Amino acid sequence: TQGTMALTQEQIEKVLGIDYGTFIRGPMMPQGSFKKFSEMTDAEVKQVLEQALQIEQLAEAQRNAKQAISEAKLKQANLTSLMGAKIMDLEYAKSRIVKYQQEDQEWEHSKARRVGGIVAEIKEQQEKRKKALEAAVVLMGAGTDIDGAIEVLKQSMEDAQETVKEVQAMYNELHKKWEDKSEAHMMNVSLPIKGRQSAAERQREELHKRIKKIEKLQGDCPTCERPIDASMKSAALSTLQQNELQPVLDELKAIKKELRQADAAEKDIQVKQDESLTRATSFVVGAQTKVEVFQRQVAEAEKARSAVAIIDDSIDKYQDMLAKERQGVSPFKEMISNEQDEVVNQTKAIRRIRAQLGACELKLKHLEFWEYGFGNKGLKSLILESVTPFMNQRGAHYAQQLSGGEIDIVFNTQTVLKSGEVREQFSVQVINENGADTYAGNSGGEKGRADLGINFVVSDVVSSRARKAFPQRFFDE
(Lines give C-alpha, C1' and ligand atoms only; values in the text may rest on other atoms or scores of the structure.)
Protein backbone atom coordinates (compact mmCIF):
# COMPACT_ATOMS: atom_id res chain seq x y z
CA THR A 1 0.00 0.00 0.00
CA GLN A 2 1.00 3.60 -0.52
CA GLY A 3 -0.56 5.23 2.53
CA THR A 4 -3.84 6.38 0.93
CA MET A 5 -6.45 4.70 -1.19
CA ALA A 6 -5.83 7.05 -4.10
CA LEU A 7 -2.09 6.42 -4.12
CA THR A 8 -2.60 2.67 -3.71
CA GLN A 9 -5.09 2.65 -6.63
CA GLU A 10 -2.60 4.60 -8.75
CA GLN A 11 0.17 2.05 -7.94
CA ILE A 12 -2.10 -0.91 -8.83
CA GLU A 13 -3.01 0.64 -12.19
CA LYS A 14 0.67 1.32 -12.85
CA VAL A 15 1.70 -2.29 -12.11
CA LEU A 16 -1.22 -3.95 -13.94
CA GLY A 17 -1.38 -1.40 -16.76
CA ILE A 18 -5.17 -1.28 -16.54
CA ASP A 19 -7.63 0.97 -14.70
CA TYR A 20 -10.83 -0.04 -12.90
CA GLY A 21 -13.18 0.94 -15.68
CA THR A 22 -11.26 -1.08 -18.27
CA PHE A 23 -10.95 -4.02 -15.85
CA ILE A 24 -14.72 -4.44 -15.29
CA ARG A 25 -15.41 -4.03 -19.01
CA GLY A 26 -12.72 -6.52 -20.14
CA PRO A 27 -10.93 -9.09 -17.97
CA MET A 28 -13.67 -9.07 -15.32
CA MET A 29 -17.22 -10.09 -16.21
CA PRO A 30 -19.27 -9.32 -13.07
CA GLN A 31 -22.40 -11.23 -12.15
CA GLY A 32 -25.36 -10.21 -14.37
CA SER A 33 -23.16 -8.49 -16.98
CA PHE A 34 -23.40 -11.31 -19.55
CA LYS A 35 -24.98 -9.85 -22.67
CA LYS A 36 -27.57 -11.81 -24.68
CA PHE A 37 -26.78 -10.33 -28.05
CA SER A 38 -29.45 -12.51 -29.70
CA GLU A 39 -32.05 -10.32 -27.98
CA MET A 40 -30.38 -7.02 -29.00
CA THR A 41 -30.74 -4.84 -32.07
CA ASP A 42 -27.68 -3.79 -34.09
CA ALA A 43 -27.95 -0.34 -32.51
CA GLU A 44 -27.90 -1.88 -29.00
CA VAL A 45 -24.90 -4.08 -29.90
CA LYS A 46 -23.14 -0.98 -31.22
CA GLN A 47 -23.91 0.84 -27.97
CA VAL A 48 -22.37 -2.02 -25.94
CA LEU A 49 -19.26 -1.93 -28.13
CA GLU A 50 -19.01 1.86 -27.78
CA GLN A 51 -19.18 1.46 -24.00
CA ALA A 52 -16.49 -1.21 -24.17
CA LEU A 53 -14.29 1.11 -26.25
CA GLN A 54 -15.16 3.99 -23.90
CA ILE A 55 -16.18 6.17 -26.85
CA GLU A 56 -19.78 6.87 -25.69
CA GLN A 57 -18.53 10.20 -24.37
CA LEU A 58 -18.02 11.23 -28.03
CA ALA A 59 -21.83 11.51 -28.38
CA GLU A 60 -21.94 13.91 -25.46
CA ALA A 61 -19.07 15.83 -27.00
CA GLN A 62 -20.99 16.03 -30.31
CA ARG A 63 -24.13 17.23 -28.52
CA ASN A 64 -22.07 19.89 -26.81
CA ALA A 65 -20.57 20.87 -30.17
CA LYS A 66 -24.06 21.07 -31.76
CA GLN A 67 -25.32 23.18 -28.90
CA ALA A 68 -22.32 25.46 -29.21
CA ILE A 69 -22.91 25.69 -33.00
CA SER A 70 -26.55 26.65 -32.46
CA GLU A 71 -25.55 29.30 -29.98
CA ALA A 72 -22.80 30.58 -32.29
CA LYS A 73 -25.16 30.68 -35.29
CA LEU A 74 -27.77 32.50 -33.24
CA LYS A 75 -25.13 34.97 -32.16
CA GLN A 76 -23.93 35.28 -35.78
CA ALA A 77 -27.52 35.87 -37.00
CA ASN A 78 -28.09 38.46 -34.30
CA LEU A 79 -24.81 40.19 -35.14
CA THR A 80 -25.62 40.09 -38.86
CA SER A 81 -29.06 41.53 -38.23
CA LEU A 82 -27.57 44.16 -35.96
CA MET A 83 -24.92 44.93 -38.58
CA GLY A 84 -27.60 45.41 -41.25
CA ALA A 85 -29.59 47.67 -38.94
CA LYS A 86 -26.48 49.72 -38.10
CA ILE A 87 -25.55 50.08 -41.78
CA MET A 88 -29.09 51.19 -42.59
CA ASP A 89 -28.96 53.66 -39.71
CA LEU A 90 -25.61 54.97 -40.97
CA GLU A 91 -26.82 55.42 -44.54
CA TYR A 92 -30.05 56.96 -43.32
CA ALA A 93 -28.10 59.42 -41.14
CA LYS A 94 -25.93 60.37 -44.13
CA SER A 95 -28.99 60.87 -46.32
CA ARG A 96 -30.59 63.02 -43.63
CA ILE A 97 -27.44 65.20 -43.46
CA VAL A 98 -27.65 65.86 -47.21
CA LYS A 99 -31.36 66.51 -46.93
CA TYR A 100 -31.00 68.90 -43.97
CA GLN A 101 -28.19 70.80 -45.67
CA GLN A 102 -30.40 71.35 -48.71
CA GLU A 103 -33.34 72.32 -46.53
CA ASP A 104 -31.17 74.69 -44.52
CA GLN A 105 -30.15 76.46 -47.72
CA GLU A 106 -33.76 76.74 -48.80
CA TRP A 107 -35.05 77.75 -45.40
CA GLU A 108 -34.08 81.41 -45.57
CA HIS A 109 -35.50 81.73 -49.08
CA SER A 110 -38.65 79.98 -47.92
CA LYS A 111 -38.90 82.32 -44.94
CA ALA A 112 -38.88 85.34 -47.20
CA ARG A 113 -41.53 83.74 -49.43
CA ARG A 114 -43.69 82.86 -46.43
CA VAL A 115 -43.48 86.42 -45.06
CA GLY A 116 -44.45 87.84 -48.45
CA GLY A 117 -47.27 85.32 -48.77
CA ILE A 118 -48.68 86.17 -45.33
CA VAL A 119 -48.63 89.90 -46.10
CA ALA A 120 -50.45 89.24 -49.38
CA GLU A 121 -52.97 87.00 -47.59
CA ILE A 122 -53.72 89.72 -45.03
CA LYS A 123 -54.47 92.16 -47.85
CA GLU A 124 -56.66 89.59 -49.59
CA GLN A 125 -58.63 88.90 -46.40
CA GLN A 126 -59.15 92.64 -45.86
CA GLU A 127 -60.53 92.91 -49.41
CA LYS A 128 -62.85 89.94 -48.78
CA ARG A 129 -64.15 91.60 -45.62
CA LYS A 130 -64.94 94.78 -47.54
CA LYS A 131 -66.87 92.84 -50.23
CA ALA A 132 -68.78 90.81 -47.61
CA LEU A 133 -69.94 94.02 -45.92
CA GLU A 134 -71.01 95.49 -49.26
CA ALA A 135 -73.01 92.33 -50.10
CA ALA A 136 -74.71 92.44 -46.70
CA VAL A 137 -75.74 96.08 -47.23
CA VAL A 138 -77.25 95.17 -50.63
CA LEU A 139 -79.16 92.24 -49.09
CA MET A 140 -80.47 94.10 -46.06
CA GLY A 141 -80.93 97.53 -47.62
CA ALA A 142 -78.82 100.69 -47.35
CA GLY A 143 -78.14 101.83 -43.83
CA THR A 144 -79.27 98.55 -42.17
CA ASP A 145 -76.79 96.70 -39.98
CA ILE A 146 -76.51 92.90 -40.31
CA ASP A 147 -77.61 92.00 -36.76
CA GLY A 148 -80.73 94.21 -36.95
CA ALA A 149 -81.67 92.84 -40.34
CA ILE A 150 -81.41 89.27 -39.09
CA GLU A 151 -83.80 89.99 -36.21
CA VAL A 152 -86.38 91.55 -38.59
CA LEU A 153 -86.14 88.55 -40.97
CA LYS A 154 -86.50 86.07 -38.15
CA GLN A 155 -89.68 87.77 -36.93
CA SER A 156 -91.14 87.70 -40.44
CA MET A 157 -90.21 84.02 -40.74
CA GLU A 158 -91.93 83.19 -37.44
CA ASP A 159 -95.10 84.97 -38.60
CA ALA A 160 -95.05 82.97 -41.84
CA GLN A 161 -94.59 79.73 -39.90
CA GLU A 162 -97.68 80.49 -37.81
CA THR A 163 -99.63 81.03 -41.03
CA VAL A 164 -98.41 77.62 -42.29
CA LYS A 165 -99.70 75.98 -39.10
CA GLU A 166 -103.12 77.56 -39.49
CA VAL A 167 -103.43 76.61 -43.17
CA GLN A 168 -102.23 73.09 -42.40
CA ALA A 169 -104.86 72.73 -39.67
CA MET A 170 -107.56 73.82 -42.13
CA TYR A 171 -106.29 71.31 -44.66
CA ASN A 172 -106.32 68.48 -42.07
CA GLU A 173 -109.88 69.36 -41.02
CA LEU A 174 -111.11 69.40 -44.64
CA HIS A 175 -109.30 66.13 -45.35
CA LYS A 176 -110.97 64.47 -42.34
CA LYS A 177 -114.40 65.75 -43.43
CA TRP A 178 -114.10 64.16 -46.87
CA GLU A 179 -112.68 60.94 -45.39
CA ASP A 180 -115.66 60.68 -43.03
CA LYS A 181 -118.08 61.26 -45.90
CA SER A 182 -116.38 58.59 -48.03
CA GLU A 183 -116.42 56.11 -45.13
CA ALA A 184 -120.14 56.81 -44.41
CA HIS A 185 -121.04 56.16 -48.06
CA MET A 186 -119.15 52.90 -47.98
CA MET A 187 -120.70 51.69 -44.71
CA ASN A 188 -124.29 52.82 -45.45
CA VAL A 189 -124.49 52.15 -49.20
CA SER A 190 -121.72 50.05 -50.75
CA LEU A 191 -121.26 47.41 -48.06
CA PRO A 192 -124.99 46.59 -47.59
CA ILE A 193 -125.39 46.17 -51.37
CA LYS A 194 -122.34 43.87 -51.51
CA GLY A 195 -123.78 41.88 -48.60
CA ARG A 196 -127.03 41.34 -50.48
CA GLN A 197 -125.04 40.38 -53.57
CA SER A 198 -123.06 37.71 -51.64
CA ALA A 199 -126.29 36.24 -50.17
CA ALA A 200 -127.96 36.09 -53.62
CA GLU A 201 -124.88 34.41 -55.14
CA ARG A 202 -124.89 31.76 -52.40
CA GLN A 203 -128.63 31.15 -53.03
CA ARG A 204 -127.95 30.82 -56.78
CA GLU A 205 -125.20 28.23 -56.12
CA GLU A 206 -127.50 26.22 -53.88
CA LEU A 207 -130.22 26.16 -56.57
CA HIS A 208 -127.68 24.99 -59.17
CA LYS A 209 -126.77 22.10 -56.86
CA ARG A 210 -130.49 21.15 -56.55
CA ILE A 211 -130.89 21.22 -60.35
CA LYS A 212 -127.89 18.85 -60.78
CA LYS A 213 -129.30 16.54 -58.14
CA ILE A 214 -132.69 16.36 -59.95
CA GLU A 215 -130.94 15.63 -63.26
CA LYS A 216 -129.19 12.63 -61.67
CA LEU A 217 -132.37 11.09 -60.16
CA GLN A 218 -133.24 7.47 -61.26
CA GLY A 219 -135.60 4.64 -60.19
CA ASP A 220 -138.88 5.25 -58.28
CA CYS A 221 -139.96 8.57 -56.81
CA PRO A 222 -139.56 8.47 -53.01
CA THR A 223 -142.79 10.50 -52.62
CA CYS A 224 -145.32 9.00 -55.06
CA GLU A 225 -143.43 5.71 -55.68
CA ARG A 226 -143.83 6.03 -59.45
CA PRO A 227 -140.92 5.48 -61.83
CA ILE A 228 -138.97 8.63 -62.58
CA ASP A 229 -138.93 9.46 -66.29
CA ALA A 230 -137.73 12.37 -68.42
CA SER A 231 -141.05 14.19 -68.31
CA MET A 232 -141.11 14.19 -64.54
CA LYS A 233 -137.51 15.56 -64.42
CA SER A 234 -138.39 18.23 -66.98
CA ALA A 235 -141.46 19.35 -65.05
CA ALA A 236 -139.55 19.53 -61.77
CA LEU A 237 -136.63 21.47 -63.32
CA SER A 238 -139.04 23.92 -65.05
CA THR A 239 -140.87 24.63 -61.80
CA LEU A 240 -137.57 25.15 -59.90
CA GLN A 241 -136.08 27.49 -62.51
CA GLN A 242 -139.24 29.65 -62.87
CA ASN A 243 -140.29 29.85 -59.25
CA GLU A 244 -136.92 29.99 -57.46
CA LEU A 245 -133.84 30.42 -59.73
CA GLN A 246 -135.18 33.19 -62.01
CA PRO A 247 -136.17 35.53 -59.12
CA VAL A 248 -132.63 35.13 -57.72
CA LEU A 249 -131.05 35.95 -61.10
CA ASP A 250 -133.29 39.01 -61.43
CA GLU A 251 -132.27 40.14 -57.96
CA LEU A 252 -128.55 39.75 -58.81
CA LYS A 253 -129.06 41.86 -61.93
CA ALA A 254 -130.75 44.62 -59.92
CA ILE A 255 -127.96 44.47 -57.28
CA LYS A 256 -125.27 44.93 -59.95
CA LYS A 257 -127.06 48.03 -61.17
CA GLU A 258 -127.20 49.39 -57.63
CA LEU A 259 -123.46 48.68 -57.22
CA ARG A 260 -122.65 50.64 -60.38
CA GLN A 261 -124.68 53.57 -59.10
CA ALA A 262 -122.99 53.35 -55.65
CA ASP A 263 -119.54 53.24 -57.29
CA ALA A 264 -120.39 56.30 -59.40
CA ALA A 265 -121.52 58.17 -56.30
CA GLU A 266 -118.34 57.21 -54.44
CA LYS A 267 -116.25 58.32 -57.42
CA ASP A 268 -118.03 61.65 -57.46
CA ILE A 269 -117.25 62.09 -53.76
CA GLN A 270 -113.57 61.28 -54.47
CA VAL A 271 -113.40 63.82 -57.34
CA LYS A 272 -114.89 66.58 -55.21
CA GLN A 273 -112.55 65.64 -52.36
CA ASP A 274 -109.50 65.82 -54.66
CA GLU A 275 -110.57 69.23 -56.02
CA SER A 276 -111.15 70.60 -52.52
CA LEU A 277 -107.89 69.21 -51.16
CA THR A 278 -105.95 70.48 -54.20
CA ARG A 279 -107.11 74.02 -53.49
CA ALA A 280 -106.20 73.62 -49.81
CA THR A 281 -102.81 72.21 -50.75
CA SER A 282 -102.06 75.23 -52.89
CA PHE A 283 -102.69 77.44 -49.86
CA VAL A 284 -100.33 75.30 -47.74
CA VAL A 285 -97.61 75.35 -50.43
CA GLY A 286 -97.91 79.11 -50.80
CA ALA A 287 -97.49 79.62 -47.04
CA GLN A 288 -94.55 77.20 -46.92
CA THR A 289 -92.92 79.00 -49.86
CA LYS A 290 -93.01 82.26 -47.91
CA VAL A 291 -91.37 80.50 -44.95
CA GLU A 292 -88.63 79.10 -47.22
CA VAL A 293 -87.99 82.55 -48.70
CA PHE A 294 -87.55 84.03 -45.22
CA GLN A 295 -85.38 81.07 -44.22
CA ARG A 296 -83.08 81.64 -47.20
CA GLN A 297 -82.87 85.35 -46.41
CA VAL A 298 -82.00 84.62 -42.77
CA ALA A 299 -79.42 82.04 -43.87
CA GLU A 300 -77.82 84.48 -46.29
CA ALA A 301 -77.71 87.19 -43.61
CA GLU A 302 -76.18 84.83 -41.05
CA LYS A 303 -73.75 83.60 -43.68
CA ALA A 304 -72.65 87.19 -44.33
CA ARG A 305 -72.24 87.83 -40.61
CA SER A 306 -70.30 84.55 -40.17
CA ALA A 307 -68.11 85.34 -43.19
CA VAL A 308 -67.14 88.72 -41.73
CA ALA A 309 -66.34 87.13 -38.35
CA ILE A 310 -64.26 84.38 -40.00
CA ILE A 311 -62.35 86.93 -42.05
CA ASP A 312 -61.60 88.97 -38.91
CA ASP A 313 -60.27 85.84 -37.18
CA SER A 314 -58.16 85.00 -40.23
CA ILE A 315 -56.64 88.47 -40.30
CA ASP A 316 -55.69 88.18 -36.61
CA LYS A 317 -54.14 84.74 -37.18
CA TYR A 318 -52.14 85.88 -40.20
CA GLN A 319 -50.81 88.85 -38.26
CA ASP A 320 -49.64 86.50 -35.48
CA MET A 321 -48.07 84.21 -38.08
CA LEU A 322 -46.28 87.17 -39.64
CA ALA A 323 -44.73 88.14 -36.30
CA LYS A 324 -43.55 84.55 -35.66
CA GLU A 325 -42.10 84.13 -39.15
CA ARG A 326 -40.06 87.29 -38.83
CA GLN A 327 -38.58 85.98 -35.56
CA GLY A 328 -37.97 82.43 -36.85
CA VAL A 329 -34.51 80.74 -36.85
CA SER A 330 -33.55 77.78 -39.08
CA PRO A 331 -33.83 74.46 -37.17
CA PHE A 332 -31.65 72.51 -39.61
CA LYS A 333 -28.22 73.49 -38.30
CA GLU A 334 -28.76 71.72 -34.99
CA MET A 335 -30.27 68.73 -36.83
CA ILE A 336 -27.21 68.49 -39.11
CA SER A 337 -24.90 68.48 -36.07
CA ASN A 338 -26.91 65.72 -34.40
CA GLU A 339 -26.81 63.55 -37.54
CA GLN A 340 -23.03 64.00 -37.87
CA ASP A 341 -22.62 62.72 -34.31
CA GLU A 342 -24.87 59.79 -35.25
CA VAL A 343 -22.63 58.94 -38.25
CA VAL A 344 -19.57 58.80 -35.98
CA ASN A 345 -21.32 56.56 -33.45
CA GLN A 346 -22.73 54.15 -36.06
CA THR A 347 -19.33 53.85 -37.79
CA LYS A 348 -17.68 52.82 -34.51
CA ALA A 349 -20.46 50.32 -33.80
CA ILE A 350 -20.12 48.73 -37.27
CA ARG A 351 -16.37 48.23 -36.76
CA ARG A 352 -16.98 46.49 -33.44
CA ILE A 353 -19.66 44.21 -34.94
CA ARG A 354 -17.42 43.26 -37.90
CA ALA A 355 -14.69 42.19 -35.49
CA GLN A 356 -17.21 40.09 -33.52
CA LEU A 357 -18.54 38.49 -36.74
CA GLY A 358 -15.01 37.52 -37.78
CA ALA A 359 -14.37 35.85 -34.44
CA CYS A 360 -17.76 34.14 -34.63
CA GLU A 361 -17.00 32.76 -38.13
CA LEU A 362 -13.70 31.24 -36.95
CA LYS A 363 -15.43 29.70 -33.94
CA LEU A 364 -18.16 28.20 -36.16
CA LYS A 365 -15.61 26.54 -38.47
CA HIS A 366 -13.83 25.08 -35.44
CA LEU A 367 -17.10 23.80 -33.90
CA GLU A 368 -18.42 22.34 -37.20
CA PHE A 369 -15.14 20.45 -37.62
CA TRP A 370 -15.52 18.85 -34.19
CA GLU A 371 -19.24 18.23 -34.68
CA TYR A 372 -18.32 16.05 -37.64
CA GLY A 373 -15.32 14.58 -35.80
CA PHE A 374 -17.35 13.53 -32.79
CA GLY A 375 -20.14 12.09 -35.00
CA ASN A 376 -20.71 8.59 -36.36
CA LYS A 377 -18.70 9.31 -39.52
CA GLY A 378 -15.80 10.82 -37.56
CA LEU A 379 -13.83 9.40 -34.66
CA LYS A 380 -16.48 6.75 -33.89
CA SER A 381 -16.29 5.36 -37.42
CA LEU A 382 -12.50 5.52 -37.40
CA ILE A 383 -12.25 3.68 -34.05
CA LEU A 384 -14.83 1.04 -35.04
CA GLU A 385 -13.18 0.47 -38.44
CA SER A 386 -9.75 0.17 -36.82
CA VAL A 387 -10.94 -2.41 -34.27
CA THR A 388 -13.22 -4.40 -36.66
CA PRO A 389 -10.40 -6.59 -38.16
CA PHE A 390 -9.26 -7.47 -34.62
CA MET A 391 -12.84 -8.26 -33.61
CA ASN A 392 -13.40 -10.46 -36.67
CA GLN A 393 -10.11 -12.31 -35.97
CA ARG A 394 -11.09 -12.90 -32.32
CA GLY A 395 -14.67 -13.75 -33.36
CA ALA A 396 -13.41 -16.45 -35.73
CA HIS A 397 -11.15 -17.79 -32.96
CA TYR A 398 -13.93 -18.08 -30.37
CA ALA A 399 -16.45 -19.42 -32.94
CA GLN A 400 -13.96 -22.21 -33.75
CA GLN A 401 -13.41 -22.99 -30.04
CA LEU A 402 -17.09 -22.90 -29.08
CA SER A 403 -18.73 -24.53 -32.13
CA GLY A 404 -15.99 -26.45 -33.84
CA GLY A 405 -16.26 -24.19 -36.84
CA GLU A 406 -20.02 -24.60 -37.37
CA ILE A 407 -20.76 -20.93 -36.78
CA ASP A 408 -19.00 -17.76 -37.89
CA ILE A 409 -19.16 -14.42 -36.07
CA VAL A 410 -18.67 -11.43 -38.40
CA PHE A 411 -18.67 -7.72 -37.41
CA ASN A 412 -19.43 -5.09 -40.08
CA THR A 413 -19.36 -1.28 -39.94
CA GLN A 414 -21.20 -0.86 -43.27
CA THR A 415 -24.45 -2.23 -44.71
CA VAL A 416 -25.31 -2.56 -48.41
CA LEU A 417 -28.92 -1.59 -49.12
CA LYS A 418 -31.13 -3.18 -51.80
CA SER A 419 -30.45 -0.16 -53.98
CA GLY A 420 -26.72 -0.92 -53.85
CA GLU A 421 -26.02 2.11 -51.68
CA VAL A 422 -23.47 1.60 -48.91
CA ARG A 423 -24.49 3.10 -45.57
CA GLU A 424 -22.58 3.45 -42.29
CA GLN A 425 -24.37 0.96 -40.01
CA PHE A 426 -22.81 -1.38 -37.46
CA SER A 427 -24.07 -4.99 -37.49
CA VAL A 428 -23.19 -8.47 -36.17
CA GLN A 429 -23.76 -11.52 -38.33
CA VAL A 430 -23.89 -15.10 -36.94
CA ILE A 431 -23.69 -17.56 -39.84
CA ASN A 432 -24.38 -21.25 -39.27
CA GLU A 433 -22.72 -23.37 -41.94
CA ASN A 434 -25.13 -26.26 -41.31
CA GLY A 435 -28.23 -24.22 -40.55
CA ALA A 436 -29.65 -20.71 -40.63
CA ASP A 437 -27.67 -17.80 -42.01
CA THR A 438 -29.32 -15.32 -39.62
CA TYR A 439 -28.85 -14.73 -35.94
CA ALA A 440 -32.51 -15.34 -35.06
CA GLY A 441 -32.62 -18.61 -37.03
CA ASN A 442 -30.18 -20.44 -34.72
CA SER A 443 -31.23 -22.68 -31.86
CA GLY A 444 -31.11 -21.58 -28.22
CA GLY A 445 -27.80 -23.38 -27.62
CA GLU A 446 -26.25 -21.93 -30.78
CA LYS A 447 -27.39 -18.46 -29.78
CA GLY A 448 -25.86 -19.00 -26.32
CA ARG A 449 -22.48 -20.02 -27.81
CA ALA A 450 -22.64 -17.06 -30.18
CA ASP A 451 -23.48 -14.69 -27.31
CA LEU A 452 -20.59 -16.10 -25.25
CA GLY A 453 -18.22 -15.69 -28.17
CA ILE A 454 -19.31 -12.09 -28.74
CA ASN A 455 -18.89 -11.36 -25.02
CA PHE A 456 -15.33 -12.77 -25.23
CA VAL A 457 -14.63 -10.57 -28.28
CA VAL A 458 -15.88 -7.46 -26.48
CA SER A 459 -13.75 -8.41 -23.45
CA ASP A 460 -10.69 -8.83 -25.67
CA VAL A 461 -11.32 -5.44 -27.29
CA VAL A 462 -11.37 -3.78 -23.88
CA SER A 463 -8.27 -5.64 -22.70
CA SER A 464 -6.40 -4.76 -25.89
CA ARG A 465 -6.74 -1.09 -25.04
CA ALA A 466 -4.96 -1.50 -21.68
CA ARG A 467 -1.43 -0.16 -21.32
CA LYS A 468 -0.07 -3.67 -20.66
CA ALA A 469 -1.04 -7.12 -21.83
CA PHE A 470 -3.57 -8.72 -19.45
CA PRO A 471 -4.45 -12.22 -20.70
CA GLN A 472 -6.38 -13.29 -17.55
CA ARG A 473 -10.22 -13.47 -17.44
CA PHE A 474 -12.48 -13.47 -14.39
CA PHE A 475 -16.07 -14.66 -14.57
CA ASP A 476 -18.72 -14.40 -11.84
CA GLU A 477 -21.72 -16.61 -12.44
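Quick note: residue numbers are just sequence positions, from 1. Since the model is a prediction, treat every value here as computed from it, not as a measurement.
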* To do: Determine, step by step, whether Glu60 and Arg63 satisfy the salt bridge (Lys or Arg N to Asp or Glu O under 4.0 Å) criterion, reporting the C-alpha distance in whole Å, the side-chain angles of both residues, the deciding distance to 0.1 Å, and the verdict.
  => CA-CA 5 Å; Glu60 180 65 25; Arg63 285 193 293 272; 2.6 Å; yes
* I would like to know whether Phe374 and Asn64 meet side chain to side chain contact (heavy atoms under 4.5 Å, CB included); could you show each step before the answer? => CA-CA 10 Å; Phe374 291 138; Asn64 292 336; over 6 Å; no
* To do: Carefully, step by step, assess Lys123 and Glu127 under the rule side chain to side chain contact (heavy atoms under 4.5 Å, CB included).
  => CA-CA 6 Å; Lys123 292 180 180 180; Glu127 185 65 24; over 6 Å; no
* Report the C-alpha separation of Lys209 and Glu206 in whole Å, then their side-chain angles, then the decisive distance to 0.1 Å, and conclude whether the side chain to side chain contact (heavy atoms under 4.5 Å, CB included) test is met. => CA-CA 5 Å; Lys209 289 179 182 178; Glu206 184 64 28; 4.2 Å; yes
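No more than 12 heavy atoms of other residues, nucleotides or ligands shown are found within 6.0 angstrom of OH on Tyr92. The 12-atom threshold is exceeded at CH2 of Trp107, counting heavy atoms of other residues, nucleotides or ligands nearer than 6.0 Å. Environment of CD in Gln319: crowded, with over 12 heavy atoms of neighbouring residues, nucleotides or ligands closer than 6.0 Å.
Between Glu371 and Gln62, the shortest heavy-atom contact is O-NE2, 3.1 Å. When all heavy atoms of Leu367 and Ala65 are compared, the pair lying nearest together is O-CB, 4.3 Å. Residue Gln242 comes nearest to Pro247 through the heavy atom pair O-CD, 3.5 Å, listed as atom of the first residue, atom of the second, then distance. For the pair Leu79 and Ile353, the tightest heavy-atom approach, listed with the atom from each and the gap, is O-CG2, 3.6 Å. In plain terms, the two heavy atoms of Thr388 and Phe411 that are nearest each other are CG2-O, 3.4 Å. Of all heavy-atom pairs spanning Glu244 and Leu207, the tightest one is OE1-CD2, 3.3 Å.
To the nearest 0.5 Å, the span separating OG1 on Thr80 from CE on Met83 amounts to 7.5 Å. Atom-to-atom distance recorded for Phe332:CZ and Lys99:NZ is 8.0 Å, nearest 0.5 angstrom. Atom CD1 in Ile122 sits 13.5 Å away from atom NZ in Lys317 (nearest 0.5 Å). Here the straight-line distance linking atom CD of Glu339 with atom NZ of Lys94 works out to 12.5 Å at 0.5 Å rounding. The CD1 atom of Ile87 sits 5.0 Å away from the CD1 atom of Ile350 when rounded to the nearest 0.5 Å. The CD atom of Gln340 sits 5.0 Å away from atom CD1 of Ile97, with the distance rounded to the nearest 0.5 Å.
Side-chain atoms of Ser81 never come within 3.5 Å of backbone atoms of Asn78 as a donor-acceptor pair (strictly under, hydrogens ignored). When atom types are taken as modelled, the side chain of Lys128 and the backbone of Ile311 share no donor-acceptor pair closer than 3.5 angstrom.
Annotation: side chain of Arg202 is not in contact with side chain of Glu205 (no heavy-atom distance under 4.5 Å). With contacts defined as side-chain heavy-atom distances shorter than 4.5 Å, the pair Gln246/Asp250 qualifies. At least one side-chain heavy atom of Gln197 sits less than 4.5 Å from a side-chain heavy atom of Lys256.
The side-chain hydrogen bond (donor to acceptor under 3.5 Å, both in side chains) pairs that include a residue from residues 347-362 are Gln76-Glu361, where partners are two or more places apart or lie in different chains. Residue pairs meeting the salt bridge (Lys or Arg N to Asp or Glu O under 4.0 Å) criterion with at least one partner in residues 72-92, sequence neighbours excluded, are absent.
Ion pair Glu258/Arg196 flagged as a salt bridge, since at least one NZ, NE, NH1 or NH2 atom sits closer than 4.0 Å to an Asp/Glu carboxylate oxygen.
Donor-acceptor pairing under 3.5 Å is lacking for the side chains of Gln105 and Gln101. In this structure, a donor-acceptor pair under 3.5 Å is present between the side chains of Glu342 and Gln346.
When the side chain to side chain donor-acceptor pair (under 3.5 Å) test is applied to Lys333, the partners found at least two apart in sequence or on another chain are Asp104.
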